[in-house]
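Letters A, B, ... are given to chains in the order of the sequence lines, protein chains preceding strands, and every chain is numbered from 1.
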Number of protein chains: 2
Amino acid sequence: MSGDEQPSTTTEGILKARLSSPGLLLALLGQSAMRRLRAAHNAVGLTPRQFQLLALLHDHGPMGQRELGKRMGVDPSILVTLLNPLEADGLLSRERDAADRRRHIVHLTDVGARQLTRAALAQQEAEDLLFAALDERQREDLRRLLLALRASLAPAFASAEETPEC
Amino acid sequence: MSGDEQPSTTTEGILKARLSSPGLLLALLGQSAMRRLRAAHNAVGLTPRQFQLLALLHDHGPMGQRELGKRMGVDPSILVTLLNPLEADGLLSRERDAADRRRHIVHLTDVGARQLTRAALAQQEAEDLLFAALDERQREDLRRLLLALRASLAPAFASAEETPEC
DNA sequence: TATTGTTATACTCTATAACTATA
DNA sequence: TATAGTTATAGAGTATAACAATA
């Protein structure tokens with residue numbers, strides 16, 4: 001309440017929380033996690049985004065690129081750069097929608113499904129190392145909190161009936 | 001234990017957890033968080049990494065670039081690209097160590113401290129929006145879990161007595 | 001005119017290796 | 001020879017805008 005060496009409690013509180021605020025921790029540790037997952041996915045010829053893409057196709061079935069982009073929260077232009085090599089490798093196929101010839105319906109192939117399983121196993125190993133210091137209870141708590149966060153952020157990506165997975 | 005439509009429980013468990021595993025959630029939501037924090041920091045002329053850098057100097061006092069890089073978990077070569085514009089803007093100063101003329105000791109200036117406070121406020125606003133759906137208890141739980149994770153990952157960056165902040 | 005998908009360009013962040021100056 | 005810092009180059013990921021084909 002006085003003195004020139006005594007900052008206000010409010011400002012000091014913010015200053016003290018800078019490096020350990022949940023937002024900055026999430027951003028920086030997320031970067032670290034992404035690096036590890038990328039190494040795991042790269043080992044089987046995928047990127048994390050391509051893994052997410054294949055997993056969405058597996059969980060929700062074939063869909064158009066617009067919907068795929070919305071569920072992933074990425075621009076359609078980025079989607080193309082993810083899809084092209086996957087199609088070239090036969091992990092998925094793009095087929096014109098007979099009802100609306102503008103649309104390309106993306107299908108997961110059997111080869112793609114098998115590759116997805118390999119990548120999932122590699123990812124699991126990477127996560128076990130990443131979260132080695134956290135017990136099962138802590139991992140589940142973290143998962144639940146992040147799921148709640150994702151659900152709350154989803155509307156920003158989706159327009160209406162879509163349900164983005166991130 | 002039978003049938004061609006019945007995958008093993010283990011594989012199926014991994015497959016089901018793909019898109020909602022704590023690791024992928026952390027990686028993808030971290031990317032989202034980084035985007036928002038970057039917008040906040042950019043508004044006051046900084047990047048998230050530069051914010052982290054200034055905050056470290058504020059919390060731990062002047063230090064050499066090697067130590068700074070270790071605490072941030074980045075290569076010294078990246079550090080230079082972060083430091084140069086900050087020094088040009090007068091937010092910090094590099095001074096040769098008289099005892100070891102190879103070392104450059106980095107000091108936070110008063111201007112830098114004030115800019116750090118502005119950035120911290122902008123970051124706080126961004127985080128309030130980002131975590132709007134989480135109550136105080138959930139934010140604190142998340143913060144604690146991420147702090148535990150950071151502490152466990154620290155040894156990967158530091159060599160010995162260093163204590164990286166991320 | 002609006003929508004689906006594509007292409008082209010640029011920007012941010014990071015990793016790696018080669019370089020200098022000091023020790 | 002080893003270390004502190006610097007520079008140069010390349011790569012991954014993403015955002016933006018302009019474009020072609022179809023509705």
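A donor and an acceptor atom never sit less than 3.5 Å apart when one is taken from the side chain of B:Ser77 and the other from the base of C:dT14. Evaluation of atom-type donor-acceptor distances gives a pair under 3.5 Å for the side chain of B:Arg66 against the base of D:dG5.
At whole-Å resolution of the value, CG in A:Asn84 and P in C:dT7 are 6 Å apart. Computed from coordinates, the A:Arg35 CZ to C:dA15 C1' distance equals 10 Å when rounded to whole Å. When rounded to the nearest whole Å, the span between CG of B:Leu82 and C1' of D:dG5 equals 14 Å. One interatomic measurement links the two molecules: CE of A:Met34 to C1' of C:dT12, which rounds to 15 Å at whole-angstrom precision. Between the NE2 atom of A:His41 and the C1' atom of D:dG13 there is a distance of 16 Å, rounded to whole Å. Protein atom CG of B:Leu28 is 9 Å distant from nucleotide atom P of D:dT14, rounded to whole Å. The separation between B:Leu83 atom CG and C:dT14 atom P is 14 Å, rounded to whole Å. Distance B:Asp75 CG to D:dA4 P: 13 Å, rounded to the nearest Å.
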With B for base contact, S for sugar-phosphate-only contact and - for none (protein heavy atoms under 4.0 Å), nucleotides 18-23 of chain D reads ----BS
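By the side-chain contact (heavy atoms from CB on, under 4.5 Å) test, A:Gln31 pairs with A:Leu28, B:Met34, B:Arg49, sequence neighbours left out. When the ring-ring contact (aromatic ring centres under 6.0 Å, His included) test is applied to A:Phe51, the partners found at least two apart in sequence or on another chain are A:His41.
Heavy-atom minimum distance, A:Glu127 versus B:Leu24: OE2-N, 3.4 Å.
If you check the side chains of A:Ser20 and B:Arg143, you find a donor sitting under 3.5 Å from an acceptor. No side-chain N or O of B:His107 forms a donor-acceptor pair with one of B:Arg94 less than 3.5 Å apart.
Closest approach to the B:Arg49 side chain among D:dT7, C:dT14, C:dT7 is made by C:dT14 (side chain taken as heavy atoms from C-beta onward).
For C:dC13, neither phosphate oxygen OP1 nor OP2 lies less than 4.0 angstrom from any side-chain nitrogen or oxygen of A:Gln31. In terms of phosphate contacts, A:Arg94 brings no side-chain nitrogen or oxygen within less than 4.0 Å of OP1 or OP2 of C:dG5.
Remark: the backbone N or O of A:Leu134 is paired with a side-chain donor or acceptor of A:Arg139 at under 3.5 angstrom. In this structure a side-chain-to-backbone donor-acceptor pair under 3.5 Å is missing from A:Gln115 to A:Leu91.
Nearest-nucleotide positions on DNA chain D for A:Arg38 and B:Thr81 put B:Thr81 closer to the 5' end.
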